[in-house]
Every structure is written in structure tokens, then in C-alpha cells.
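The shown structure was predicted, so the numbers you read here are calculated from the model rather than taken from an experiment. Both backbone and side-chain heavy atoms feed into the values below; hydrogens, waters and symmetry mates do not. Sequence lines set the chain letters: A, B, ... in the order given, protein chains first and strands last, and positions in each chain run from 1.
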Protein chains: 4
Amino acid sequence: MAKMKAVVKTKPVQGAEYLDVDTPKITQDEVLVKVRATSICGTDVHIYKWDPWSQGRIGEKALPQILGHEVAGEVVEVGSTVKKIKVGDYVSAETHIPCKACIQCLTGQEHICANLKILGVDRDGAFAEYIAIPESVCWVNDRAIPPEFASNQEPLGNATYTVLGADYNVAGRTMAIIGDGPIALFAVGVARAVGVTKIFLVGKYDFNMEIGKKLGADHLLYANKDDVDRVKFVKDNTNGFGADIVLEMAGSPQALDEGFKMLRKGGRFSAFGIASESPTLIDYNNGIVFKGSQVHGINGRLMFDTWFRVRNLLASGRLDISPVVTHLYLLSEFAKAFEEMMARPRKSAKIVLFPDKKEYEEARRRRGMR
Amino acid sequence: MAKMKAVVKTKPVQGAEYLDVDTPKITQDEVLVKVRATSICGTDVHIYKWDPWSQGRIGEKALPQILGHEVAGEVVEVGSTVKKIKVGDYVSAETHIPCKACIQCLTGQEHICANLKILGVDRDGAFAEYIAIPESVCWVNDRAIPPEFASNQEPLGNATYTVLGADYNVAGRTMAIIGDGPIALFAVGVARAVGVTKIFLVGKYDFNMEIGKKLGADHLLYANKDDVDRVKFVKDNTNGFGADIVLEMAGSPQALDEGFKMLRKGGRFSAFGIASESPTLIDYNNGIVFKGSQVHGINGRLMFDTWFRVRNLLASGRLDISPVVTHLYLLSEFAKAFEEMMARPRKSAKIVLFPDKKEYEEARRRRGMR
Amino acid sequence: MAKMKAVVKTKPVQGAEYLDVDTPKITQDEVLVKVRATSICGTDVHIYKWDPWSQGRIGEKALPQILGHEVAGEVVEVGSTVKKIKVGDYVSAETHIPCKACIQCLTGQEHICANLKILGVDRDGAFAEYIAIPESVCWVNDRAIPPEFASNQEPLGNATYTVLGADYNVAGRTMAIIGDGPIALFAVGVARAVGVTKIFLVGKYDFNMEIGKKLGADHLLYANKDDVDRVKFVKDNTNGFGADIVLEMAGSPQALDEGFKMLRKGGRFSAFGIASESPTLIDYNNGIVFKGSQVHGINGRLMFDTWFRVRNLLASGRLDISPVVTHLYLLSEFAKAFEEMMARPRKSAKIVLFPDKKEYEEARRRRGMR
Amino acid sequence: MAKMKAVVKTKPVQGAEYLDVDTPKITQDEVLVKVRATSICGTDVHIYKWDPWSQGRIGEKALPQILGHEVAGEVVEVGSTVKKIKVGDYVSAETHIPCKACIQCLTGQEHICANLKILGVDRDGAFAEYIAIPESVCWVNDRAIPPEFASNQEPLGNATYTVLGADYNVAGRTMAIIGDGPIALFAVGVARAVGVTKIFLVGKYDFNMEIGKKLGADHLLYANKDDVDRVKFVKDNTNGFGADIVLEMAGSPQALDEGFKMLRKGGRFSAFGIASESPTLIDYNNGIVFKGSQVHGINGRLMFDTWFRVRNLLASGRLDISPVVTHLYLLSEFAKAFEEMMARPRKSAKIVLFPDKKEYEEARRRRGMR
């Protein structure tokens, strides 16, 4: 069997290795994808660091395992029962692999399937020359979207679902977005593209805040400075009512506390950030009950309603995510990329890796990098 | 000016007095209602006890003040600018008096108005022979609903809104209702009437649990007994998934913890109960974020969508709340009624008071009491 | 290969034959079901008669073909890639076979797939001892539901989706149901079970109207009698406003005209009935535009949200469809059953056929027939 | 009493007169507004022409009556019971005056009140120096919006409600807009601002189509040319599925026919255009029933949810309606303006009138006209 290059987690310590491994063999309902671009998610960083979450969620026994799950590539082989995907298709992958049998899967909530498996977490991932993907989570890309953006559709889908929720109409509304990680920045761009008319971005790092501004944030509020009363600022700029919608994408106690305070009565609170302390102390009475809030937990993206929206937003040019895609690297340079991801204060947002040098160079040219 | 009998909070200590006071004078946009029946809410008990909440919310300066806000009666006088209400109308009152100018009021959320005033809390209430009510919160009753039920439409509205939320379709779903106070019991009845197909009632008191059973609960789970693992029981009886909908109507740490655990992924959590500890510790990550839950804070009732539904449910006979209306008293017997309300273990659910002896006797006859 | 009995359309004329045919061979993603009960749909009658619709939709070239699509049975064999269904499962079938690749299939609307195939129309059906069913449309029944009811879940699903639509909250509302065919009668039962508080049933046949009354219709209005102004009657009984919801399930010009007139401003109109004249003359301006109506075309049932609701309604006993299931026959008696179905005035609602005599006798016993 | 200038319909023939009339006297719940800008609606043209609709809807007995209902101005006097509006407020008016007592008014659908009165149709309008407006329909403008745009908020509200409907999430969707009148052009702008990712505009007049292009239409399709198969074009550019949403804003038989054909299965059809032939022939079966369409009649705007969105879209600069506001005139030049409105092929979109010359000149300066 042919070999391929891959970034593999081999040992239960920080780091990963760039190795020659077997090219994946697909089962009858899978497709084999030649990876053109693959981007790094915060989850990959957790696994790279082998932090307590990774130790519990993945575990030493699962190793060695290939990292990564954000991907764009070409289908080079399809299993015998594959129907909708063809060799030559330009695809990306939904990361949530549903069982198709539970109540969630049978009622339009496959993204929170009772028996969810996750690409790059529960099976080998995309930091490689090839990846095997179940047809059920294969998504055919619009060729108008270049690979370095197409691989970002998965996290952009998180952002889009956090902004739009289950068909909540945000057009002509005000919104506070708390957090300045890459998905929060994507959320700013989506919010701007779908007609949110006032966007408050609460974050910490100049590098990211500047990106948020480029994507359309109207007001930047620093979470780590005390010059401004952030809650008061949001209220003062929303006729005293508070923001119609709050996206909590940070998870810190301060973010949760201020998020519920910034929300107007009867508003919507998208709970995307994982609370850093669990169980979590919140102002349940004032923030939810008395306020008549709608709080929506966000895990994944709608399969595949969100993907259609993301594709359309990117392919139409309505949404330009260029400012968020800050770095491109060769796959072999993964270690440098992870260093970049872990640096604080942040100096990067999304980093895309390319197994192939020619793809890498073309992408750099498209992005005006050299 | 004519005098009337009323139950008045005169001093900042437990209790109230049955006094002769001035009959209210109405302003141009109010109506004067001759009270036929008025029922006791938990809020009235808080004020009666003059507990810390009452001391902060109402305050000594507001006294003397007439208690009560659940009411049914006949309009005997209308202000000069009153348009839709006429003398002779048989009415009840929405308790939430909206400002009509804030964003909530102008977008269909008057019940959580930014400048909300509450009947019997921010102004004189209904434990009297007459009450002045702003036309804007006056609701014309269906004459098929007797006064002892009509006065209960306000708390029944809480229950109905908790069950149905903002147009969430509960028909053919499973539901766990946590709490066995009167509004939770009403919720059981509503859930049964609107096609919830499996109802788990979690409560403490035999007296109330039996009422819950009469109203349609399929499974009774005692919160204060350890013979059954309640979370496991709910899951075992919902194909392992958990309840589609959880109504949290108790507010205790145990209720909040179990409520989120009983909920299935992607389910809906109606947050009606006021948490007994504030700020509140909840399993935010597992209960909301990862689960993709929809949490909806419930405060009041939709004005007046919920009222239409409540009226139709009662007038059509689809919903029979008889088992919840456990006691009828003369208004003068208020002290006995409050004792009844405060007794633990509970021996009463809803208690209705009648200023007029003839009304009282007719109601007793209708209810088969003697 | 083993033979089985089946009701087969062999020639492009009215009628069908009871023949020995090959037992179906399943493909890898199908299951083989031993039919316990199968019920007759209006579509089967169209095909039986070989009317113009059948001639165009199915065509002579497709013959011979086995009729029928409403079914309940036991799985006796599963294909090699079948995952969720097991031998021994008690199942029914969703009739709409989706492609899983179009935008509808990928966004929760599989029931209106762009490339829909229909069981018993585009492939062999259920009027036989065995039927092959794609796993994707296989539904595991609750054993509390007997086969003569379980086979009716498919049309009951039509009714349920017509009543509930896409999460439209009908509880505590008024509803006019126009039509008295079996699915309209099911709709009456569902409406009653989910808390519709006033149900107007408009129909023609005493036999069916009586069933409608048993299922919970509050008012019977004859479409073929002029003693009552039906539109005025509905308005007079809804405070002059009109019905909150109208289910149009007849398709005649009169039904469409009166349906839109009976609807209140801002109400919802479920368009289930196929118009008998096409293109169709409607009062578009007054019935839809000025009224601000919500008109929803109903085709099939939500896959599988509606199935969950139907299962729960039946298994819980909240909904009893006994009065609609008027006749049980042996499969071999199919000709008599079709005569019964075609008789006018109607003397039957739903007719269930049993390939096996023992099943038939047990079902008769359960239904108290002899 | 002081006199003012006004454009008055005095006789039941085409035309109107510029007269000195009494300044309106307000009742206790009204405000008096000094008109800064007022724009011409198609309804005004109907009344100006005194066409059959005007003869039936308004009638000779109502004359003399002041025309116009789209307005922006300053409050100069308030009635004794007015609460939220103050002298000096910069306001516009919702045209639909609700009764506040019917089921629509009491459940969030005031815009389709059962007893609706319309400004400029059922009472004197805005083509004057002053207008009396009930407080209930008074809307406080954002000062960032100049009068010539603020008076357009009412028709822009129609467009916004047609695009967004009752909280239908259009972001990342495709949309066909049929019609090129001013409200259709506004709809293009709104659609673009709220993230519709592909907009097909079907119209007739070069002048208007060019405006549509400026506002963001991606594809222009001429309804009066046969070079392109419009339905096929829309399908070919939506992966063969058809548009997710169709806004029917023309009302011609061709528009209705093509509109339903362009719609994808399960899509949404906003019925804003008044059908030119009534009753109306539509392909009910294929366009609504089989397709599973959601058809929504649009009459007015949500009160006041749509107004908030419109205000936010304009004040934030997310939506620029400059290209639609093609002409500014002095109120005294009304006759020329009406000629302009009635010209075919169209050479104007929205025309704004100014009672005051200084306002007029400032507006021209702001718009870069001279």
C-alpha cells in the first residue's frame, strides 16, 4: 500500500510528528480525498498540547492518530455504495458524523446526534496528504471558493450557526459578540453580511480586534481594560435596552456575566463558548428567567442548512474572510504553525496548511503573500 | 366617597388587615371592576409574610396597599378615554402593566416591558370589593368560565406560556415538569390538553402529586425520595434520549441539576422557577452548550396570545382545572386562607376568595362543596 | 426462489389480480418485511381504476406492479449495509423515498425531495405477503400499536402534518377542516388531541361525518346542503373573526372558495387537497394578500418528526383512531375492499387488508368485530 | 384658526388642488406634525386618478380629503392623553391605524387589524404643511435619517416585511424579486443588506432595472422580452432547484405563473403584489400543494418590529436607498410629480415633496441635486 505524509500524534505528550504512514483505505460508504488545504482549529491545539480534555476525550489508547478536521480537497476514490459523491468532486467535510438512527438524527438535528463521532477526534484526521471521509459528511464545494477558504467552512459554519441560530432573524438588529478568537471574528463577518446593524466586539488582543474591525465590527470593547464600562456602553448605544442578541464565544466568568447583562429583555443569547469553569456560576434569575431570554446552545452547524448558507456567502463574495486567514504554511511546517497558534498575545487567527507545495504557492499568490 | 372592604397590608410585618377603605377612583384610561372572585398567588404570600423580597420590591413607604392580583369581576364604571371595555363586561386582568413605548412593547413582548408595573405589587390589588384596572390590561372573559376559574386565568397563563413558549410545538412530545406548586399543576393540565404524550411530574407533596395525576401526569417522581433515580427513569422511558421538553418550575439546585440532565439533546428547557440561590450554579457546558439546548426564560404570559389560548381551553371544556382549585373562602376569611397556603406539607393548591357571600355560595354549589 | 401472494396491477384497465409472484429480493440497503397489515389509500384506488393520473404517473410500461404502500410488518431479512434496522423489528414505511443529495434532502425537507420516488407508485408495493423497503424509509413501530393501526401511520402522518405544519402552534386555537375523507377524519382526531379548542368539520357523507363527530368535531357543516351559510356560521362562532386555521382537504372549487373566506386575517391555511381543476381559480387578493395569510402546501409528512408525533399520539392512547378504521379484510378479498372504497355515498373510511388469516382474526377480535 | 397649504382631492375626477385649508385640530390621543417631507405612493396615484378602486374604497362622500400618507416631520403639539411622544420629536407615521381590540391587534398582528383605518385613505393625509396623527401610529425617527429618506420608511417597511416575512431567515439564500416598482427596488436593497446571496430581479423598465442593479441585483431579467427563458435561467443559476424565496411584487398573470415556477420545492413565496385579475388563476397544485410551498400574504409592515429594522438599516448606513429616491419637488409642484409618477415607460421611482422651500433646498443639496 502506498504511503503518504501526515502529522501524527504518536505519544501522550505535547507535540506531533511528520511521518510516512499508510494511505487510508476506504470502506464502502466512504470516499478518499486528496487534501489540498487543511486549517488548524483550537481543538487541534488541545490535542497537540495533550491537555486534560484530550487525555479524557481521546485517550492514550487511540494513538497514533492523525490530527486535523478542517479540510478541502479532491475526491480520488469512492466506496461501492457511495451515491452522491463522484471522483473529481471538490469537497470539504462536516466534522460531526451522525448515527442516522437517534431521535436527533431523525428530526433534523444530526449535528447533535446522540452517538456523534468526530473527524480528527474519534478517527484519523486531515493533516495529511489523504483522508478517508464518510459520504454522509462529504460536502461538495463551490469551485469559486479557493481551498484556503473552503477548508475554513467548518469553523465558519460554527460562526454562522451562532449568528443565525435556528432561523432567528437577526437582520436590522444589534449584536454583542464576546470573544476574539477566529470563530468570533468569523461571526463578526457573518453578522455584517446578514444585516446586523450594530456590532459590538468584546476582545483582548489588538491583532484580532483589528481583524474584527475589518470584518465589520462597529465598536471594539476591550475585555482586559477598565477604561470603559462595557455593559453600560452597550446599553448607551442601544437606546438603553441592551443588545438584541449576544453571542457568548469566550467562556470566561466575566464574559458570561457581562453577556447576560448586555442582553436586552427578551433577547437571544447564543451559547457557543465552553465555560472555563464547570459547573458554572451564572445570574440565572436576572439573566434568563426575569429577562425572558432565549438561550441557545451551539454545538456544530446545521447539517446541511448552515453549509448552504456558508457556501453561498463565500461564493457570492458577500462575505470576505481574507482578513481572518492570516497565515499559510506547508504541512511540513506544522510545528511552526502550532507555535503561532499558541502565542499570546495572539498574532494569528486562522492558519492553513498545504500538503502540496504548488497549492501552497498558488494560495500565497491569491492572498497577495510572498 | 363610598367605602369598601379590602385586605390591606398596613404594616411592615407578617399579616394584613380586613378594613373599610375608600373605593378606588379611576383615571380616564381605567375601569372600575366589582370583584366577584380573586385567588391567592405565591407572590401574595411573600407580601403577606413581608419577606426580604417584599421589603426590597415594595418597601415600607408604599404601605398601606391592598393585596392580590388574580381577579374576575364585572365592570361598573369606565374612564373617559376607554374604548374597548364597557360597563357590564365580565373581565379579568393581566397583571403586567406595560409602558407601550419600549422596544419590548413595540415588538410583541409587552409582558417583559422595560418599565413594567405589576398589579397588586406596584399599585393596589384585588383582595377587595372593587379594583381599578387600566383598560390596557383588561381582558374580557368568556361567560362560560365561572369566576372561581376566571380569576385563575392569570396563573394558568403562566403555565400555558411555560408549556407552549413562543410557538414551540409540543404536540406528540415527552415532557418533564419539575415542581408541584399550583402553576406546575396547571402546566400538567395544559400539557395533557395540548397533546404532550408523556408527562413526568417531579414533586414532593402527596396532596399535590395526586392532583397532578388527576390532571394527566403519566409518571409521578418524588423529589424528596431516593427510591428512584429520577434522571434515569426519564431516560429509560424516552428510549434513552431524555425528555423533549423540561419545565423547570421549582428553582432548587436539585431541580436545576436534574432538569438539565433529564433534557434530551436539542430539547427545550422552560425556565419558570426562580432559582433559590442567586447567582446560580448550573451545568452550563453539558446542560446547554454541548446539548444544543433551547432555554427560554418565562416571565408572565404573552399579551394577549396566551390569554386567548387559556380562554379557549377553559371555555371549550378541553381543560378542567377543578382539581387544582381546592379551596373557596369568603374574603373576610383571608387569614385562614393564608394559613392554608403556607402549610407544609401542602394541603392546598389554588384558593379563591369571594367578597360577596352569594357568589361564594354559588361557587361552592358549582364545585360540589358544601 | 420462493413465491408469495400479491395484489398485482397487470393490465392498463380497471382492476388488479391476486397472483403468486416471486418474493422480492432485497438490495444491500433494503430490508425484507413480512406484511402483517396493509391499508388502502386513495392513491391505490386511482391506480386500481387506472385513471388518467395513473396512466401518466405510472404508465403501462411499469406493469405488472404490486399495489399498496401503507404497511406494518416484521423484518425478516436485512441487506449487508443496513445499520439501524434488525431482523425481528416491527416496522412501517415512509412512502417518500428521498435521494439524500438535493437541497431539500440536505435541509430537513426530504419529504419533498427533488427526485422523490414513491413506494407502491414508482416500485412494488405492500399488498403482498412480503415487501422490500429501503432502510432509509423504514420506521420502527411501538409494539403498543397494533398492525391495523400501525399501517395507518402514513396517512395519519399526512393528517398530523396538515394540522401541525412546520411547528405552528395550534393549541387553544379554532380550526375549520374542509373535507370528510379518511385523512380529514384523522385530522379531526389529531386536532382534538393537540388542543384545538373548536373544530368545524365540513363534509358531505353522513357515515363519515358521524366518524368526525366521534373523533372530536364540535360542529358539522354539510357542504352539499344549503340550510346553513357555512362561512357565516364559522365567523359567528369565532367572535366574528373566522377560524384561526383552515385545513383544505377537499380540493373542490367550493372548498377552496369557502376555505379562504372562513380563514381569519393572519390565519394559517394548510393546502392538502389537490384542486380538482388545474390551473385553479382562487380569491388570491382577498384570501391571501390582504388577509396576510400563511398558506402552506402539504405533501407527505416530515421525515421523521411527524412519525415520532404520530407514534407517540397512538402509543400513548391520547389519540384513538378506531372509529376511522371501519373495515378489515383478508388480502384475497381486495376486490370487495376496493368496491367498498369506491362506493358513494361513502360507507367506509379506512380499510385494512391482512395477508395472514390469523392476523386478520386477531385484529377483528381486538376491534370487537366478528 | 390658522390656515395651511395642502393638496386636496375635491372632486370625483382625476386631479387634485393646492388649497388653503384649516390646519388640523388634534384630539386628545393625537399629535400634530409639521411636515418636512412626504413621498408619493402608488395608492396616491390611484386616488389622484380616481380610479374604480378609489371610487369604491374612498367614495365621493368622503371628499374633500387631503392626499398622502408617507411622511416625516416635527411634532408641534400633543393631545392631553399622549404619553410617549413629545413636542419636538422627529417622527414618521405607520399608515395602518389599528383598533387595539380585535384578535389580530391583541396577538401581534395590528397591521392586519380587523377594523383597520388607513392614513390618507380613511382620513386626511400628509400632502400638507401639517398632519394630525394618532399617537398609536407615531414613530420616532433616528435623526441620522434625513427627511427625504425618513418619509420613505413606510414603503421601505413593506419591502422589508416582504423580504423578511414573519422571521424567515433569508441570509445565505437565493431570491427572485418579480416587479420593478419602487417597493420592489427597495426589496432588492434590503435583500442585499440582509445577506441574500443571489438576487434575480424581474422587471420591465430600463430606468428601474438600472436602479435595481445599483441596489444589488445580481441578475436582471426582462419580463417583456423573450430572449431569455426566465424560469429556466433562475433554475440554471440555482443548481437546478429554483429560488429559495420568491417575492411576487407585480401582480400580473405572467408574474404569478413564473413566480410559482421559479420557486424551489419547500421554498417561500411572499405575496405582496395585488393580482390584476380577481379571482385569480394560479397553478395551485404544482405551485403550492405538491411543492410544499410557504405562501405569505404581505399587507403593511409589522408594528413595530419592521420599523425598528428599517430604522436600523438606514441609520447604520447598511442600506443606502439614494438610487431609489429619484426626484424631489416642492409640494406646490405636486401636479408635475404625479405626471412623473404616471409616465410609462417609467422615468422615476420614489418622488418626495417638500412643503417648505428651505427643506427642499437642503435635501437637494444632500442628494447632490441642483
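- Between chain B and the options A/V289, A/I298, A/L256, heavy-atom pairs under 4.5 Å are most frequent for A/V289.
- Of all the listed residues (B/G240, B/A114, B/G266), the one sharing the greatest number of non-hydrogen pairs under 4.5 Å with chain A is B/G266.
- Using a 4.5 Å cut-off between heavy atoms, A/Q294 contacts chain B through both its backbone and its side chain.
- Interatomic distance, A/I282 CD1 to B/I282 CD1, rounded to the nearest 0.5 Å: 3.5 Å.
- With a threshold of 4.5 angstrom between heavy atoms, A/C102 approaches chain B through its backbone and through its side chain.
- Between chain B and the options A/G273, A/C113, A/P279, A/G300, the largest number of non-hydrogen pairs under 4.5 Å is found for A/P279.
- Using a 4.5 Å heavy-atom cutoff, the side chains of B/F290 and A/I112 are not in contact.
- Side-chain N or O atoms of A/N285 include one that pairs as donor or acceptor with a backbone N or O of B/A275 at under 3.5 Å.
- Heavy-atom pairs under 4.5 Å with chain A peak, among B/K265, B/R268, B/H111, at B/K265.
- Using a 4.5 Å cut-off between heavy atoms, A/F269 contacts chain B through its side chain alone, with no backbone atom that close.
- For A/D244, the part lying near chain B is the side chain, with the backbone staying farther off; criterion is any non-hydrogen pair under 4.5 Å.
- At a 4.5 Å heavy-atom cutoff, the contact between A/K291 and chain B is made by backbone atoms alone.
- The shortest side-chain heavy-atom distance between B/V295 and A/I288 falls under the 4.5 Å cut-off.
- Of the two parts of B/Y284, the backbone and the side chain both hold a non-hydrogen atom closer than 4.5 Å to a non-hydrogen atom of chain A.
- Per-residue heavy-atom pair counts under 4.5 Å with chain B were compared for A/R264, A/E277, A/E248, and the maximum is reached by A/R264.
- Between A/S278 and B/D283 the shortest side-chain heavy-atom distance falls below 4.5 Å.
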